[in-house]
Amino acid sequence: MRNEEVIRVLNAIGDLLEIKGETRFRVNAYRDAARQIEGLAEDLNSVAAEGRLRTIPGVGEAIAAKLQELLETGKLAYFERLKTEVPETLLVLLQVPGLGPRKIKLLYETLGVKGIDDLRAALVDGRVATLPGMGAKSIENLKREVERYEQRGSRSPLGSALPIVQEMMALLRERAGPAILQMEEAGSVRRRRDTIGDLDILVASDDAARVLDAFVGLPMVQEVIGHGDTKASVLGPRGQQIDLRVVPPDSWGAALQYFTGSKAHNVRLREMAVRKGWRLNEYGLYESASDRKLAGSDEAGIYAAFGLPWIPPTLREDNGEIEAGLAGRLPRLVQATDMRGDLHSHSTWSDGQASIEEMWAAARAKGYEYLALTDHSQSLGVANGLSLDRLREQREIVAAMNQRGEGPRLLLGVELEIRADGSLDFPDEVLAELDIVVASVHSGFSQPRDKMTARLVAAALNPHVDIIGHPTGRLIGRRDSYDVDVDALIDVCSRTGTALEINSHPARLDLDDVHARRAMELGCWLAIDTDAHAPDHFDLLPYGIATAQRAWVTPERVLNSLSLPDLRAHLDARCQTGGRG
DNA sequence: GCCGTTTTCGGCCCGACTGTTTTCAGTCG
């Protein structure tokens, strides 16, 4: 059983217990455990085999025993029994805004409502209106939400959410500029999670009404869901909910901290506050006894009060950042300014949209020291992969361009097919002549785990392969990763010095933050690349950097933060030592 | 159900908003 499945079961138990009316502390215990496992890059099966389940925070005696049973038998008697008491079909109702555990329980027990269709019927024939606490307004809202439920998308990729937020902020500044003292994105967008639920914007102003009026009147607003004195919610172009919250200037820092989250990170801070006799909310940090305000106007001040350095939003997941901060051990995260070049790009020679010259010019505009040209290799027919002859032709063009001695150095490379049978697309003697080799999987996605893992491990073991490209093959929201033991791959790469790519394309972000952090911890090299197929794709690098930051990646472990001489030395050393560099 | 330099028992984050209440329950983030 994969970690995701275990997480699903734990969350379902939490939801079912909540509907059942169980105390929220027990409910939260299951959700906490699920969240902790989400942040765990290791395979739970290995953790269990080594008797380390109890070392996972939030996993105590009872949950450890349940995990053990689930992993060993694929089933959990407790869960099965729970489902006979509370039907699992009720869980979808939790997705309907306005419906929580108490109302769902009421609907189920008095009306026998077990799902969306039951709910719609009971709304239409008036039975819901007979329930206590269900007035005309509630019925109207529920009817609307049930209709909206059908067309509601799931979380959006960061790559579509962030541009919307940025465009809205730009327009808002045009229309309400003088009233806006500070403005920033908040929530998971600011933390740069790979997918985003609701989009959040925060503004500091003395004239909230003016800002909110301008916001609900923006052209991309499809529908206004709520419009109060300090907050408004709208539906954006693709039906995403966008919330704007306006706070007074002296609460800016506290509000930004509060609305950036994550929830788990905030809960930790508020617990720390309580232990110190303080109270933390979106208006500020207060001494409980005297109500004296200790901090609130700027974010760093809040953290400073706890003896913490300012914690970058990308780290705020309660995955060790608070402990690290207290100990003065927060990492120096990789930044855009650390990056010296890109090691994965394409031209019209395979499936890119621009010439080598144009790609080189774009890299020069970025101020890069080097650019690796890595067109696809021959087997990838759909992408016009390079034959050996065309690769040789490319070599001459690249050599000629490098003769100029100006701008970024072009490195001749290839994005090498890891073929379905596990073999590589070019022989070793050809690979040996290239500056850089990115090996990737583009075929046989449905192969079983052991076979897929063997393919990738074999590639990583080849001393000429420098980088494993988009190692899990996922396309966010469209295609799951192929079934590969990423842990095993990371383990091999940590020994061979083969870098793992963090592909910056917002549809990929692959490795993801959780696995990249694991790779960091085990001492792997990483390459933060754009996989650019056009000049403006180099602009996607910030997505990869954000993912790396979420993985606690420091610049000294990023291959393309090395200067050209250091990069060359590193690559040469790896070849000479047979990949043990 | 978890957890512990104030505790192995008794705690476990905080406030706003909505709709329905006549003082509050439920939901949300």
Side-chain angles (χ1 to χ4, degrees), chain A residues 10 13-15 17-36 53-67 78 82 93-107 128-129 131-142 144-145 186-191 196-202 208 225-233 241-247 251 254-255 257-286 288 302 318 322 326:
Chain A
L10 290 175
I13 291 175
D15 289 346
L17 288 176
E18 191 174 35
I19 293 172
K20 196 181 157 194
E22 188 57 79
T23 142
R24 69 191 158 100
F25 303 111
R26 183 169 290 165
V27 171
N28 281 340
Y30 283 95
R31 291 179 178 164
D32 280 350
R35 196 182 58 78
Q36 289 293 343
L53 286 174
R54 292 287 302 271
T55 64
I56 302 170
V59 175
E61 196 181 338
I63 292 184
K66 291 187 174 76
L67 291 178
Y78 173 74
L82 197 56
L93 294 179
L94 283 169
Q95 307 299 315
V96 179
L99 276 189
R102 312 303 292 269
K103 286 183 183 169
I104 292 172
K105 184 176 195 222
L106 186 67
L107 286 165
V128 178
L131 298 179
M134 287 289 187
K137 198 71 186 280
S138 297
I139 300 294
E140 185 189 318
N141 288 343
L142 266 183
R144 196 179 60 237
E145 291 298 351
S188 49
V189 173
R190 184 162 181 245
R191 301 199 313 278
I196 308 294
D198 292 348
L199 285 56
D200 294 295
I201 300 174
L202 184 70
I225 300 174
H227 184 177
D229 292 339
T230 62
K231 181 186 163 181
S233 299
Q241 182 167 331
I242 307 160
D243 295 335
L244 173 68
R245 176 83 185 224
V246 184
V247 299
S251 294
Q257 197 287 317
Y258 183 91
F259 288 109
T260 297
S262 68
K263 184 172 177 166
H265 174 89
N266 287 357
V267 166
R268 283 292 308 278
L269 275 190
R270 292 199 287 267
E271 283 171 353
M272 286 170 67
V274 169
R275 280 200 295 275
K276 290 174 185 286
W278 302 340
R279 194 176 78 250
L280 178 62
N281 58 34
E282 61 263 55
Y283 299 107
L285 179 66
Y286 301 88
S288 293
I302 304 275
D318 186 26
I322 290 175
L326 287 172

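Order of the sequence lines sets the chain letters (A, B, ...), proteins ahead of strands, with each chain counted from 1.
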What residues form a side chain to side chain contact (heavy atoms under 4.5 Å, CB included) with [X], not counting sequence neighbours?
X         : answer
Arg26(A)  : Leu17(A), Glu22(A), Thr23(A), Tyr30(A)
Leu326(A) : Met272(A), Leu308(A), Ile322(A)
Ile139(A) : Leu123(A), Val128(A), Ala129(A), Met134(A), Lys143(A)
Ala255(A) : Leu202(A), Val247(A), Phe259(A)

Taking the side chain as every heavy atom from C-beta outward, state whether [X] and [Y] have any pair of such atoms under 4.5 Å apart.
X         : Y         : value
Ile56(A)  : Ile63(A)  : no
Leu142(A) : Leu99(A)  : yes
Gln257(A) : Asn266(A) : yes

Could you work out the separation of [N] and [M] based on their [atom1] atoms and round it to a whole Å?
N       : M       : atom1 : result
dT20(B) : dC14(B) : C1'   : 23 Å
dG15(B) : dC9(B)  : P     : 31 Å
dC2(B)  : dT6(B)  : P     : 23 Å
dG11(B) : dA16(B) : P     : 26 Å
dG1(B)  : dT8(B)  : C1'   : 14 Å
dC28(B) : dT23(B) : P     : 25 Å
dG4(B)  : dC13(B) : P     : 14 Å
dC12(B) : dT7(B)  : P     : 16 Å

Touch check for [X], heavy atoms < 4.0 angstrom, all strands: base, sugar-phosphate only, or nothing?
X         : value
Lys263(A) : base
Asn141(A) : sugar-phosphate
Pro132(A) : nothing
Asp243(A) : nothing
Ala186(A) : nothing
Thr230(A) : sugar-phosphate
Leu269(A) : nothing
Arg26(A)  : base
Phe259(A) : nothing
Lys66(A)  : sugar-phosphate

Would you jot down, in residue-number order, the residues of residues 275-285 of chain A having a non-hydrogen atom under 4.0 Å from DNA chain B?
Arg279(A), Leu280(A), Asn281(A), Glu282(A), Tyr283(A)

Complementary nucleotide of dT8(B), counting Watson-Crick and G-U pairs under 3.5 Å:
none

Quick check: on DNA chain B, is the nucleotide nearest Ser138(A) upstream (toward 5') of the one nearest Val274(A), or the reverse? Name the residue that is more 5'.
Val274(A)

Need to verify one output field. Residue with the more 5' nearest nucleotide on DNA chain B, Arg245(A) or Asp200(A)?
Arg245(A)

Could you measure the distance from the CD atom of Glu140(A) to the CD atom of Glu145(A)? Nearest 0.5 Å is fine.
11.5 Å

Which heavy atom of Ala64(A) sits nearest a heavy atom of Leu53(A), and at what distance?
O-CD1, 3.8 Å

Closest non-hydrogen contact found for Asn281(A) with Ala254(A) is O-CB, 3.8 Å

Could you check whether any side-chain N or O of Ser262(A) sits under 3.5 Å from a backbone N or O of His265(A), counting only pairs where one atom can act as donor and the other as acceptor?
yes

First and last nucleotide of DNA chain B, 5' to 3', lying under 4.0 Å from heavy atoms of chain A
dG1(B) to dG29(B)

